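First up is the structure itself, then whatever we jot down about it.
As the structure is a prediction and not an experimental result, all values here were calculated from the model. Throughout, protein chains are lettered first and strands after them, A, B, ... in sequence-line order, and every chain is numbered starting at 1.
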Amino acid sequence: MEIPKTYDPQITEDKWYAYWQKHKFFKSTPDKREPYTIVIPPPNVTGVLHMGHMLNNTIQDVLIRMKRMQGYNACWVPGTDHASIATEAKVVALLKEKGIKKLDLTREEFLKYAWEWKDKYGGIILKQLEKLGASCDWDRTRFTMEKDLSEAVIDVFIDLHKKGQIYRGVRMVNWDPQGLTAVSDEEVIHKEVNSKLYYVKYRIENSLPIEYITIATTRPETILGDTAVCVHPDDDRYKHLKGARVIIPIINRSVPIIFDDYIDIEFGTGALKVTPAHDVNDYNLGVKHNLEVIDTIASDGKMSAAAQFYVGEDRFAVRKKIVKDLDEMGLIVKIEDIKNKVGYSERTDAVIEPKLSMQWFLKMDSISNPALENVLNGKIKLIPEKFVNTYKHWMENVHDWCISRQLWWGQQIPAWYDNKGNTVVCKTKPEAFNQLRIKNAELRIEDVRQDEDVLDTWFSSWLWPISVFDGFKNPDGADINYYYPTNDLVTAPEILFFWVARMIIAGYEYRGKKPFTNVYLTGIVRDKQGRKMSKSLGNSPDPIELIEKYGADGVRVGMLLCSPAGNDLPFDESYCEQGRNFSNKVWNAFRLLKGFEVIDAPQSNTNKISVAWFDAKFNEQLNIINDCYHKYRMSEALMNTYKLVWDDFCAWYLEMIKPEFIDGQAQPIDRITFDATIIFFERLLKVMHPWMPFITEEIWHLIKDREDKECIIIASWPILDKNYRWDQTRVFEECKDIITTIRSIRQQKQISPKTKLKLFKRSAPGGNHFDDIIIKLANLESLESTEEPIAGAVSFVRKTESSFGEFFIPLEQNINLEEEKARLTKELDYSKGFLKSVEIKLSNEKFVANAKPELIANEKKKQADAEAKIKAIEEQLMSLI
RNA sequence: GGGAGCUUAGCUCAGCUGGUUCAGAGCAUCUGCCUUACAAGCAGAGGGUCACUGGUUCGAACCCAGUAGCUCCCACCA
C-alpha cells in the first residue's frame, strides 16, 4: 500500500474522535484511582468558538490527556453558561427582526422564545470543541440554567440572605441604558475618551449687581438635576458666598451653595455642580448635606418628566442642545478639550449611567476572607504567580456585589412582596404567602408578587465547580466527594475577579474547601498589531477554518508553541503552519519506518551504539518534559517534545540507523534495531499525544496491529528511567560537533555530501566510541588514527571523550594555506582568550577565597582543557608550515 | 491617582539559588542541495552594548537605586 507523502488530517480526525467516543474513553466515573479533574470555564451559550477558546481548551485538553495517560481518573466536565445579558440581548434583537417587541410579551412568552433559541443554537460551541479534539466527558455536560443548577442558585441566595449576607437597598448602581439593567462594578469598562469640559455661569440669587459663579462640567445635560453648587471651604474666591443660593439656568431652580473639602480647588473653577441622582460623588455629597435628589434621566437614557425640559430626548442629544441653549443665553464661559474616563457596559458597550435604584447586594467583606487567605498562603496557586498581587489588591478592596439584574433570562430572585411593603425571601409562592400572612393577615395569595429581577450570571457560575457535581442537591454524593476539590482551572486573567475569586469564595462557603488547586491563567490572543482579537474588528480567524486548513493537531501545536502562562499571544497563521509541518514530519518518520525491510541478522555496532544513545537521550528529555509539565511551563514542554522528535529522533537517530543503499537497493535492517526503534517511536507518540491527539492515534494503529480498545489515548505515559546513561548523551554531543564541523568544511570547500572523505585523528588513546557513527553521518571512507600530523590536509581540533583530538582531512585539491592558517588562528585566539579569562579568575585571591570549591575545581578543569586545546591547535598550525 | 509587571537576535520567548566563553531556543533570514521518509524537506552559516545610568560583589542579563519606554489591573475628581 502506498502511503501518501503528506499527512492528511481530514481523513483521520472525525474518525478517531468518533472512535474515542464510541469506546467511552472520555468518560469518567468515581473509582479507586486518584481523580484528576478540570471543570471547563463554561462558554456563553451565545458563543461561537474563537481563538481564546481554542487556546484555553487546548491547554485543558493537553492536561487532561496527559493525566489520563499517567493513570489518573481524568474527568473534564463541559458545559455552557446562560449569560443573561448577552443572551437576552440576542433574543431581543432576534425578536425585533421578527417585529416582536419584548415589552409586548409576558415574561413567560419571552422565556419560551429564549429557551427555543437556546435549544437551537446553545450547543454550537460544544460541537466546535469536538473539532479541536477536546476529550470532555460529554455525558456530564451541564448548563448553568438547567433545573438542578438553578435550584442551587436559589438555595444559595436564600441561605446567604438568612445569614444576613444579602440585603436589598437603594444605591447608586451602574446602569446600562441599552440592556436596561444594573450591572456590577466589574462589568464596567473604563475607557479614556476625548471630552469637553464646559464652563457654565450660574447666577447668584438676589445678587446686585448680578454676580455669577462659574462651574465646570463634562455633563451639562445633568444640569436640570442639580440641587446644589459645592465649593471648598478654604477657597478664597468663594468665601463670601456662605449662605448664598444660586439659580440653576433653564429650569430656574434655586439651590444652596454648600462647602465641602471634597472639592479639588485646582480643578476647573473650583466650583462643582451637584447632581445627586446622576453621579456617585454627588450622591455622597447629597447624603452628607441633605440635598434633594432629582432623577432627570430615565432608565432608557432619555430625559424623564422630572427634568421638565427636553423630556423624552436622549441624554447625548440633550447635551448638544443644552449647550447651544446655554450659549444663546450667554452662560457658556468657555469650552475646553479634556480627556476623561467614561464607563462602558462590558456586554452592550453602552455608556454606563450612574443611577439610583433598588437592588440586591451581597456583602463581600467577611465572606471573602478565606478566599484571600488561601491564595496568599499558597493553598491555591495562581500561575503565573504575578497575578497574586493583583488578586490580593482586589480582594482587599472588594465592594459589595450588586447581584440583581433587570432581565428575564436568568434565575428569578426568590423574594416575595405583599401589597403593604412586606418582603420575604423563600423558595415558593405558597411558602411566601404563609410567611407574609403573619405580618399581613388579610393577604390573599393573588397579591403575593415575586421580585421581577433575575440574578447576575456570575451568581450562578460561581457555584460551577460544586454544582456540576450536584454538590448542592446531593452534598454527600459520590461525585462531589470524589471529584471535589478539582485540580486545575484554566481561564483568562480577565475573569479573575468576575469568576475565579468568587468560585473560591463559594467553595469555602459551601464546601469548606477550595474549589481547585491550580489556576492557570492564559494570555489574550492578539493579532499582529497587538490588538485584541474581536468580532467587531474582524481580525480574528475562525478556528474551525484553521483546523480545516492545518489540521487540529497543527493548530493546537501552533497555538501552544508560543504561549507561556499569562503572556499574550500575538497570533499569526504561520504558527499553525509550523504545527502542520511538524505533523508532517512525524508522518514521514512513520513512512520511513514502515518502509524498512526487516531481517533476522546480527546488530551492527553502529546500530547498537545508536540505540543505546537514543534510549539515554529520550530519558534525558522525558525528565525535562515531565518537569515542565509539573511547573505548568506548557510551551516549554511542547518545545522540548518538538525538538526531541524532530532533531534527536528524526535528524540524528533515524539517520544513524537508516540502512544504506547499495546499487540503488535499500538494505534491510536487523530486527533488534528495528524493534527498538518501534519502541522508541511509540514512546515518542505517547509524549506527543496530548498535543497532537489525532495523528498520534492514527500512526499508533498503523504502526502495529492492535486490539480494538488498545488506543494511545489510554496508553500509559512512558516511565522515566532515572538511571539512563547520561554520559552517552554528553559524549554524543562531541560526536555531533565533529560531524557538523566536517559538514561545514564540505560546504566551505564546496565538496559534495556524496563525496566520501578520509578522516585522520591524532589524539590520546581510547575514545572512539562513536567513530562508526561519525563515519556514517559525515560520509567518510575511513577514520584512522595517526601518530603524526598530516601535512597539507584541512585540519581542526575538537573535543573527544577524554581530551582534545586533532583531525585531518586530506583533500584531492591543494588547500589554501593562508585560509587554513586564518581559520586555525581564529580558533586559537578564541581559546587563548578563554584561557586568559579563566586564569584571571583563578589568580584572583578573593575568588579563590570566596567561591565554592566545586566551582574552583571546575575552573581548574577549564584551564587544563583550554591549555590542551591550545597545544593541539598550535601543533596543527606548525604542521601547516 | 494607586498598584503590578515587562524591556534579551528581525519576530515570539527561555535564561528557575549571581559562577562553564552565558549570551540561548524556535521561527524568520542567508548559502548550498529536488541526496529513493519528508522541498510542509536536508545540510551549513550569519544575527544581540541583555532598555539606559549608577551602585553592591572576586564575579551581574540576574541583586539594589534612579531614568526612559511599554502593558495590565484597580480607583467616584467634576
Side-chain angles (χ1 to χ4, degrees), chain A residues 3 5-7 172 185 190 197 215-219 230 262-264 266-268 271-275 279-284 338 340-341 354 384 386-394 397 493-494 496-497 524 528 530 550 554 561-564 566-570 572 574-575 577-578 580-596 631 633 635-636 639-640 642-643 650-651 654-655 658 661 664 666 740 743-748 750 752-754 830-831 833-835 837-838 840-841 844-852 854-856 858-859 861-862 865-866:
Chain A
I3 308 168
K5 270 171 101 166
T6 48
Y7 167 66
M172 187 63 82
D185 292 347
H190 294 274
L197 186 62
I215 55 91
T217 180
T218 52
R219 300 203 54 197
C230 188
Y262 158 76
I263 297 298
D264 176 0
E266 303 297 318
F267 190 91
L272 171 75
K273 68 188 230 18
V274 184
T275 324
D279 186 283
V280 186
N281 302 301
D282 293 15
Y283 175 71
N284 292 337
I338 59 158
N340 69 341
K341 294 237 173 156
K386 65 178 178 187
F387 286 106
V388 173
N389 287 324
T390 325
Y391 181 87
K392 175 170 179 266
H393 186 254
W394 189 77
N397 297 289
E494 301 163 289
L496 189 58
F497 309 126
I524 295 164
K528 267 197 215 163
Y550 300 102
L561 267 172
C562 57
S563 58
N567 269 38
D568 286 358
L569 176 134
D572 190 282
S574 63
Y575 288 121
E577 222 171 288
Q578 195 184 349
R580 179 204 56 187
N581 294 356
F582 185 46
S583 300
N584 204 44
K585 186 73 192 174
V586 175
W587 182 251
N588 276 290
F590 155 70
R591 282 180 68 216
L592 177 67
L593 296 183
K594 203 69 186 168
F596 282 160
K631 292 175 178 156
R633 292 161 171 259
S635 291
E636 227 174 293
M639 184 48 79
N640 280 297
Y642 178 94
K643 285 194 284 188
C650 294
L654 288 179
E655 292 303 325
K658 193 159 90 180
F661 277 80
T740 301
R743 286 171 175 170
S744 175
I745 287 168
R746 279 182 191 276
Q747 176 99 354
Q748 282 167 29
Q750 295 183 319
S752 156
K754 288 176 188 162
Y830 175 87
S831 297
F834 174 59
L835 178 63
S837 79
V838 175
I840 288 172
K841 219 183 257 188
N844 181 333
E845 279 169 37
K846 285 185 176 169
F847 172 73
V848 179
N850 293 326
K852 284 180 226 153
E854 333 53 293
L855 199 69
I856 294 166
N858 197 25
E859 290 300 316
K861 188 171 173 294
K862 271 156 61 180
D865 270 6

Please work out if [X] contacts a base, only the sugar-phosphate, or nothing of the nucleic acid, heavy-atom cut-off 4.0 Å.
| X | value |
| --- | --- |
| A:R746 | nothing |
| A:D568 | sugar-phosphate |
| A:L496 | nothing |
| A:K341 | base |
| A:N850 | base |

Problem set entry | Contact letters for nucleotides 23-38 of chain B, in which S counts primed atoms plus P, OP1 and OP2 and B counts the base, heavy atoms under 4.0 Å | --SSS---BS--SBBB

Separation of atom [atom1] in [X] from atom [atom2] in [N], rounded to whole Å:
| X | N | atom1 | atom2 | answer |
| --- | --- | --- | --- | --- |
| A:N397 | B:rA75 | CG | C1' | 9 Å |
| A:F847 | B:rG18 | CZ | P | 16 Å |
| A:H393 | B:rC73 | NE2 | P | 14 Å |
| A:Y283 | B:rC77 | OH | P | 18 Å |
| A:I745 | B:rA43 | CD1 | C1' | 14 Å |
| A:W394 | B:rC74 | CH2 | C1' | 11 Å |
| A:E494 | B:rC73 | CD | C1' | 12 Å |
| A:K841 | B:rU20 | NZ | P | 6 Å |

Return the nucleotide paired to [N]: Watson-Crick means purine N1 to pyrimidine N3 with N6-O4 or O6-N4, wobble means G-U with N1-O2 and O6-N3, both under 3.5 Å.
| N | result |
| --- | --- |
| B:rU31 | B:rA43 |
| B:rA9 | none |
| B:rG1 | B:rC74 |
| B:rU36 | none |
| B:rC58 | B:rG19 |

For this session: Let me know which of A:D279, A:D282, A:T217 forms a side-chain contact (heavy atoms from CB on, under 4.5 Å) with A:L272.
Result: A:D282

Exercise. Which residue lies toward the 5' end of RNA chain B, A:A851 or A:L197, if each is placed at its nearest nucleotide?
Worked result: A:A851

For this session: On the 0 to 90° scale, with breaks at 30° and 60°, tag the A:F497-A:W394 ring pair as parallel, tilted or perpendicular.
Result: parallel

Measuring from the side chain of [X] (C-beta onward, heavy atoms only), which nucleotide among [options] has the closest atom?
| X | options | answer |
| --- | --- | --- |
| A:E636 | B:rC16, B:rG19, B:rA78 | B:rC16 |
| A:D264 | B:rA4, B:rA75, B:rA78 | B:rA78 |
| A:N389 | B:rU21, B:rA4, B:rA43 | B:rA4 |
| A:F497 | B:rG19, B:rA78, B:rC74 | B:rC74 |

For this session: For atom CD of A:E266, decide whether the heavy atoms of other residues, nucleotides or ligands shown that lie under 6.0 angstrom number more than 12.
Result: no

Exercise. Within the structure, does a side-chain N or O atom of A:T740 lie under 4.0 Å from either OP1 or OP2 of B:rG44?
Worked result: yes

Exercise. Taking N and O atoms by type only, does the side chain of A:R580 place a donor or acceptor under 3.5 Å from a partner on the base of B:rA40?
Worked result: yes

Exercise. What form does the base of B:rG47 take, syn (within 90° of 0) or anti?
Worked result: syn

